[in-house]
Amino acid sequence: MAAIEEELTLLGSVGSPFVIKVEIALKLKGIEYKYVEEKLGNLSETLLNYNPIYRMVPVLVHKGKPISESRLILEYIDETWNQNPILSSDPYQRALDRFWSKFIDDKCVVPAAKTIFIPDEKEREKAIEELYEALQFLENELKDKFFGGDKIGFVDIAALFIPLFQEVAEKQLFTSDKFPKLHKWSQDFYNHPVVKETMPSKEQQFAYFKARAASLAAPSK
């Protein structure tokens, strides 16, 4: 990796999928950065000052200027450092990358989280149906080894939530029989050297989700 010349700092929490996405992008591009750990439920004044609206990780600080929201951070990284692009150079394909990334956040992450955190069985079943419908769209969209072709790209990084939730929840959210292309993609993605290097342990991921659920529940107590 190149020497730190960009005054680049990532504020994150171990196990956060949003932080993992940013770290994967930085490492794919070979960008060195300083990592600062934040504790959920006890965020530093630094983070609260940098992200006063959403008050959460990740926050990327480049030359003293903060960028929050993982999807926006990924776009910023790709536009700032040209090497090893994760977004397509073609404007139309780049628009599709952004579309599918948002689709994953809205239509996959939300129902997948409900299958883990919502105790009501009927609500969980409804969430699983919604998730399967969304996954079928992604199954049909996957035309190559990765959504980015033969290399990991913007949509692949966004989609890390799908196998991650399956791993943490210890539930078969998708199988090789129902979604063969997504199942193969998840194996190829997780076995990529950069992803393997970046991905925290299952215990760390589970601890993050547990702490996240506790922090979300705290205001209502």
Side-chain angles (χ1 to χ4, degrees), residues 1 8-44 47 56-60 68-71 73-74 77 86 101 104-105 108-119 124 127-128 131 135 145-148 151-176 179 182-218:
M1 288 190 178
L8 192 65
T9 301
L10 175 62
L11 282 66
S13 296
V14 172
S16 165
F18 303 98
V19 175
I20 295 167
K21 290 199 300 182
V22 175
E23 290 192 280
I24 288 174
L26 289 169
K27 291 178 181 178
L28 283 172
K29 284 182 163 288
I31 303 166
E32 192 169 338
Y33 59 97
K34 178 183 177 182
Y35 178 84
V36 176
E37 177 70 12
E38 292 283 341
K39 185 176 180 181
L40 293 180
N42 187 26
L43 298 173
S44 70
L47 183 134
M56 62 177 61
V57 296
V59 173
L60 186 72
S68 58
E69 296 296 290
S70 60
R71 193 168 353 117
I73 293 173
L74 293 184
I77 290 170
I86 56 175
S101 174
I104 291 165
D105 285 350
C108 296
V109 175
V110 173
K114 288 179 179 178
T115 66
I116 299 174
F117 296 119
I118 291 182
R124 286 203 311 271
I128 290 174
L131 178 60
L135 290 178
K145 180 177 182 179
F146 298 111
F147 288 98
K151 297 189 298 183
I152 289 177
F154 193 75
V155 179
D156 299 286
I157 296 172
L160 75 82
F161 282 97
I162 299 168
L164 186 149
F165 273 126
Q166 176 150 301
E167 176 73 12
V168 173
E170 296 184 335
K171 297 176 181 178
Q172 287 295 316
L173 299 181
F174 65 91
T175 64
S176 58
F179 301 106
L182 277 178
H183 189 269
K184 177 65 166 55
W185 165 85
S186 69
Q187 293 178 323
D188 291 334
F189 180 79
Y190 262 60
N191 285 325
H192 189 282
V194 169
V195 176
K196 289 182 73 172
E197 173 193 347
T198 308
M199 198 65 64
S201 69
K202 181 177 178 179
E203 290 73 21
Q204 289 173 317
Q205 293 172 43
F206 185 80
Y208 167 82
F209 282 111
K210 186 177 179 179
R212 180 67 178 149
S215 67
L216 291 173

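Not measured: the values here are computed from a predicted model.
- Under the ring-ring contact (aromatic ring centres under 6.0 Å, His included) criterion, Phe154 pairs with no residue at all, not counting sequence neighbours.
- Residues Ala127 and Pro111 share a closest heavy-atom pair of O-CB, 3.4 Å.
- In this structure Tyr190 satisfies the side-chain hydrogen bond (donor to acceptor under 3.5 Å, both in side chains) test with no other residue, sequence neighbours excluded.
- Note that NE2 of His192 and NZ of Lys27 are 12.5 Å apart. Values are rounded to the nearest 0.5 Å.
- Under the rule for a side-chain hydrogen bond (donor to acceptor under 3.5 Å, both in side chains), Lys114 has no partner lying at least two apart in sequence or in another chain.
- Taking Lys184 as the reference, Asp188 meet the salt bridge (charged side-chain N to carboxylate O under 4.0 Å, His left out) condition, with sequence neighbours excluded.
- In this structure, CD1 on Ile157 lies 6.5 Å from CZ on Phe189, to the nearest 0.5 angstrom.
- Taking both residues in full, the closest heavy atoms of Ser101 and Arg71 are given as OG-CD, 3.1 Å, listed atom of the first, atom of the second, then distance.
- Taking Glu38 as the reference, Ser44 meet the side-chain hydrogen bond (donor to acceptor under 3.5 Å, both in side chains) condition, with sequence neighbours excluded.
- Minimum heavy-atom separation, Ala158 to Ile104: O-CG2, 3.6 Å.
- Atom CD of Glu37 and atom OG of Ser13 lie 5.0 Å apart (nearest 0.5 Å).
- When all heavy atoms of Tyr208 and Pro17 are compared, the pair lying nearest together is CE2-CD, 3.6 Å.
- Listed by chain and residue number, Pro163, Phe174 satisfy the side-chain contact (heavy atoms from CB on, under 4.5 Å) test with Ser186 (two or more places apart in sequence, or in another chain).
- When the side-chain hydrogen bond (donor to acceptor under 3.5 Å, both in side chains) test is applied to Gln187, no partner is found at least two apart in sequence or on another chain.
- The shortest distance between side-chain heavy atoms of Leu131 and Cys108 falls below 4.5 Å.
- With a 4.5 Å cut-off on side-chain heavy atoms, Ile77 and Ile31 count as touching.
- Taking CG from Leu74 and NZ from Lys29, the interatomic distance works out to 10.5 Å, rounded to the nearest 0.5 Å.
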Candidate pair Phe161 and Asp105, rule side chain to side chain contact (heavy atoms under 4.5 Å, CB included), full reasoning: CA-CA 9 Å; Phe161 282 97; Asp105 285 350; 4.2 Å; yes
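- A salt bridge (Lys or Arg N to Asp or Glu O under 4.0 Å) check over residues 152-165, counting only residues at least two apart or in different chains, returns nothing.
- How far OG of Ser68 is from CG of Leu47: 9.0 Å, rounded to the nearest 0.5 Å.
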Would you be so kind as to tabulate the donor-acceptor pairs closer than 3.5 Å made by side chains of residues 18-26, with sequence neighbours excluded?
unit_1, atom_1, unit_2, atom_2, d
Lys21, NZ, Ser70, OG, 3.2
Glu23, OE2, Tyr33, OH, 2.9

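- We find the NZ-CG distance between Lys151 and Leu28 to be 9.5 Å, quoted to the nearest 0.5 Å.
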